[in-house]
Student: 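Just dropping this structure here.
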Amino acid sequence: MTSAADAYSLPPLPYAYDALEPVISAQIMTLHHQKHHQTYVTNLNAALAAHRTASATNDVPAIISLQQKIKFNGGGHINHSLFWRNLAPPGQAETDLVTAAPELKDAIVSRWGSVDAFLEKFKLALLGIQGSGWGWLVMKDAVDSTNNGKRLEIVSTKDQDPPFIDGQVPLFGVDMWEHAYYLQYLNNKAGYVNEIWKVINWKVAGERYVGGIEKEITFKL
Amino acid sequence: MAMSLLRTSAARRAMMSTRSSPAVFARGKATLPDLDYDFGALEPYISGQIMELHYTKHHQTYVNSYNTAIEKFESTSDVRAKVELQSLINFHGGGHLNHSLFWKNLAPRKAGGGELLDSKSPLTKAIQGKYGSYDQLIGAINTQLAAIQGSGWTWLVKDSNSGDLEIINKANQDPVTGPYIPLVGIDAWEHAYYLQYKNVKADYFKAIWNVVNWKEAEKRFLA
Ligand SMILES: [Fe+2]
Ligand SMILES: [Fe+2]
C-alpha cells in the first residue's frame with residue numbers, strides 16, 4: 001500500500017490532448033498519457049512497494065527478481081515524462097530550432113554539417129530501431145574541449161531502457177513504440193518519423209543542452 | 001478484399017514445395033506466403049483491418065527487407081559489410097519466418113479455429129501431462145505474453161531432444177531455434193492488436209485462442 005508521499009504520480013501534460021494535432025492525434029495522446037504512461041507509473045509503484053517489503057525481510061531473491069520490473073516501468077515513467085515535455089504544439093515558437101535554441105542549433109551544425117544532415121541521420125536511426133524503443137539526441141562529455149567539452153550524439157534505446165547511460169543528458173526523445181503512432185499512421189512509420197519534427201520542443205531541448213534536466217524535471221519522490 | 005487478388009501461382013508452387021516450414025522462399029528469394037483464409041475471417045477476434053495491414057504491409061516489409069539485405073550480402077565480398085548485415089538479415093528473416101508460422105497457427109471458427117483436439121490426440125495428452133488442461137496451458141502462455149517488455153512473441157514449443165512441451169518468449173523477431181520446434185506462436189507486437197484492442201492487450205491475448213488452429217499445432221508436434 002503506497003501513500004501519496006512514497007508513490008510516483010502521472011505528471012500532467014503541458015498542453016491539451018488535441019494540441020499536437022494534426023501531427024499526433026488527440027486519441028493517441030489520450031491513450032498514450034492516461035493509459036500507457038499511467039500503467040508504467042502504477043506498475044513502478046507496485047514494484048517499489050514490493051521492494052520495500054522484500055527489503056524489510058531481507059528477501060534477496062525477491063529483491064533481485066524485482067529489478068527488471070523497476071527498470072522497465074521506471075524507464076517507462078522517465079522516458080514518457082521527458083517526452084511530453086520535449087513536444088510542443090505545431091506552429092508555436094518553441095518548435096522553431098533557429099530562434100528557440102540558437103546555441104543547440106550551432107552545436108548541431110558543427111556536429112553534423114547542417115540541420116538537414118542531422119535530421120536525416122536521426123530519421124535513419126529511428127527507422128533502424130528493431131522492435132520497441134526510443135531515439136534520443138543526447139549530450140555526452142567530449143574527450144576534448146571543443147564545444148565546451150560537450151558532444152552531441154544520436155542514440156537509440158530498446159524497450160523502456162532510460163537514456164542516461166555513461167552520464168548522457170537526453171535533450172529530446174522520440175517514442176518509437178507502435179502505440180505512439182499506430183492509430184494514426186498505421187504501418188507508415190516513416191510518415192510519423194517525418195512529421196514529428198513539427199512538434200519537437202526545441203526550447204526545452206536547448207535548455208537541457210545548456211543546463212541539463214535537473215532544473216526542469218525531477219524523478220525524486 | 002478477396003484473397004484471390006493476392007494469390008499468385010508462383011507463391012502457391014513455392015508453398016507446395018516447402019513442407020517443413022510454411023515460410024516461402026522461391027529461387028532463394030523470400031516471398032509472401034498465401035493466406036488460407038480471408039482477412040475478415042478471424043472476426044470478431046482479430047479485425048479484418050488488422051489482418052490486412054499485418055499481412056500485406058508488415059509481413060510484406062519483412063519479406064522485402066530480407067531480400068534487400070540478402071542481395072547486399074551476396075553482392076559484397078567485404079566481410080565487414082557482411083557481418084554488419086547480420087542484424088538486418090536476422091530481424092527481417094525472423095519476421096518472415098514468424099509471421100509465416102503465425103498465419104498457419106490461426107484459422108476461422110468455421111475451419112476449426114479454437115477447436116480443441118480430442119482426448120486421444122498426442123498433443124492433448126502432452127498438454128494434459130505438462131499443464132493439466134488446455135485452459136491451464138492458455139493461462140500460462142497468456143502470463144508469458146503479458147510479461148513481454150516491448151515487442152516480441154510467445155511460443156509453445158516442443159523440445160526436440162526430450163519431446164517435452166515448453167513456453168518460451170522471444171524478443172522482437174528472434175525466431176525459435178533448435179532444439180525447439182515452434183508449435184503455436186502469438187504475436188505480441190502492438191501492430192498485432194492495437195487498432196482493435198488499444199492498450200488492453202490482455203483482451204487480445206484472451207480472444208486469440210478462439211481462432212488458434214490446434215490441428216496445425218499437432219502437425220508440427222508430430223513432425
Ligand atoms: Fe510510449
Ligand atoms: Fe506482426
Side-chain angles (χ1 to χ4, degrees), chain A residues 25 27-44 47 65-77 79-80 124-125 127-134 156-162 175-192, chain B residues 47-66 68-69 84-96 98-99 146-153 169-175 187-204:
Chain A
S25 71
Q27 187 192 18
I28 289 178
M29 289 302 294
T30 307
L31 285 164
H32 203 169
H33 183 250
Q34 293 181 359
K35 302 292 183 185
H36 291 276
H37 190 169
Q38 180 64 61
T39 301
Y40 293 119
V41 170
T42 303
N43 292 341
L44 171 63
S65 76
L66 282 163
Q67 297 309 310
Q68 183 54 33
K69 250 184 203 146
I70 292 169
K71 182 185 181 189
F72 180 68
N73 292 293
H77 175 48
N79 293 338
H80 287 90
L124 277 179
L127 293 175
I129 292 173
Q130 296 179 343
S132 299
W134 293 72
S156 57
T157 51
K158 71 173 179 54
D159 302 330
Q160 295 298 357
D161 290 356
D175 189 347
M176 290 306 291
W177 282 59
E178 288 171 324
H179 66 235
Y181 61 84
Y182 209 84
L183 292 178
Q184 187 175 356
Y185 294 89
L186 305 176
N187 61 296
N188 182 20
K189 189 154 65 161
Y192 168 67
Chain B
S47 75
Q49 188 193 13
I50 287 178
M51 285 300 298
E52 182 171 13
L53 284 164
H54 204 168
Y55 175 79
T56 66
K57 304 293 184 184
H58 291 276
H59 191 167
Q60 185 69 63
T61 301
Y62 292 120
V63 167
N64 295 348
S65 304
Y66 173 79
T68 305
E84 281 170 357
L85 283 162
Q86 286 312 301
S87 156
L88 281 177
I89 290 170
N90 289 346
F91 181 68
H92 294 289
H96 177 44
N98 291 339
H99 287 89
I148 291 175
Q149 298 179 336
S151 299
W153 295 70
N169 278 359
K170 287 284 180 181
N172 299 325
Q173 297 297 356
D174 290 350
D187 189 346
W189 280 59
E190 288 171 324
H191 66 237
Y193 62 83
Y194 208 84
L195 292 178
Q196 188 174 357
Y197 295 93
K198 314 262 167 18
N199 61 296
V200 194
K201 60 183 176 180
D203 284 356
Y204 159 69

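None of these values were measured; they are calculated from a predicted model. Below, chains carry the letters A, B, ... as their sequence lines are ordered, and counting in each starts from 1.
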Student: If you compare all heavy atoms of A:Asn187 against all heavy atoms of B:His58, which two are closest, and at what distance to 0.1 Å?
Tutor: CB-NE2, 3.5 Å
Student: Counting heavy-atom pairs closer than 4.5 Å to chain A, which one of B:Ser151, B:Ala147, B:Gly95 comes out on top?
Tutor: B:Ser151
Student: Taking atom NE2 of B:His54 and atom CG of A:Leu186, what is their separation to the nearest 0.5 Å?
Tutor: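 Interatomic distance, B:His54 NE2 to A:Leu186 CG, rounded to 0.5 Å: 13.0 Å.
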Student: Evaluate the side-chain proximity of A:Asn188 to B:Lys57: yes if any heavy-atom separation is below 4.5 Å, no if none is.
Tutor: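 A side-chain contact is absent here, since even the closest heavy-atom pair is not under 4.5 Å.
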Student: Side chains of A:Gln68 and B:Gln149: does their closest heavy-atom pair fall under 4.5 Å?
Tutor: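 The answer is yes; the side chains approach within 4.5 Å.
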Student: Mind checking the CG-CG spacing from B:Asn172 to A:Asp159? Nearest 0.5 Å is all I need.
Tutor: 6.5 Å
Student: At a heavy-atom separation under 4.5 Å, does A:Gln27 approach chain B through its side chain, its backbone, both, or neither?
Tutor: side chain
Student: Which heavy atom in A:Lys35 sits nearest to a heavy atom in B:Asn199, and how many Å separate them?
Tutor: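 Minimum heavy-atom contact is CB-ND2, 3.3 Å.
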Student: Select one option (side chain, backbone, both, neither) describing which atoms of A:Leu183 are under 4.5 Å from chain B's heavy atoms.
Tutor: both
Student: At a 4.5 Å cut-off on heavy atoms, which part of A:His179 comes close to chain B: side chain, backbone, both, or neither?
Tutor: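 Both parts, heavy atoms under 4.5 Å.
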Student: Check whether B:Ser87 gets within reach of chain A through its side chain, its backbone, both or neither, counting any heavy atom under 4.5 Å.
Tutor: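 B:Ser87 touches chain A through backbone and side-chain heavy atoms alike.
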Student: Return the orientation label for the A:His36 and B:Tyr194 ring planes: parallel under 30°, perpendicular over 60°, tilted otherwise.
Tutor: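 Judged by the thresholds at 30° and 60°, the geometry between A:His36 and B:Tyr194 is parallel.
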Student: Please classify the contact of B:His191 with chain A as side chain, backbone, both or neither, using a heavy-atom distance under 4.5 Å.
Tutor: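 Answer is both: backbone and side chain atoms of B:His191 are under 4.5 Å from chain A.
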Student: At a 4.5 Å cut-off on heavy atoms, which part of B:Leu53 comes close to chain A: side chain, backbone, both, or neither?
Tutor: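 Only the side chain of B:Leu53 comes within 4.5 Å of chain A.
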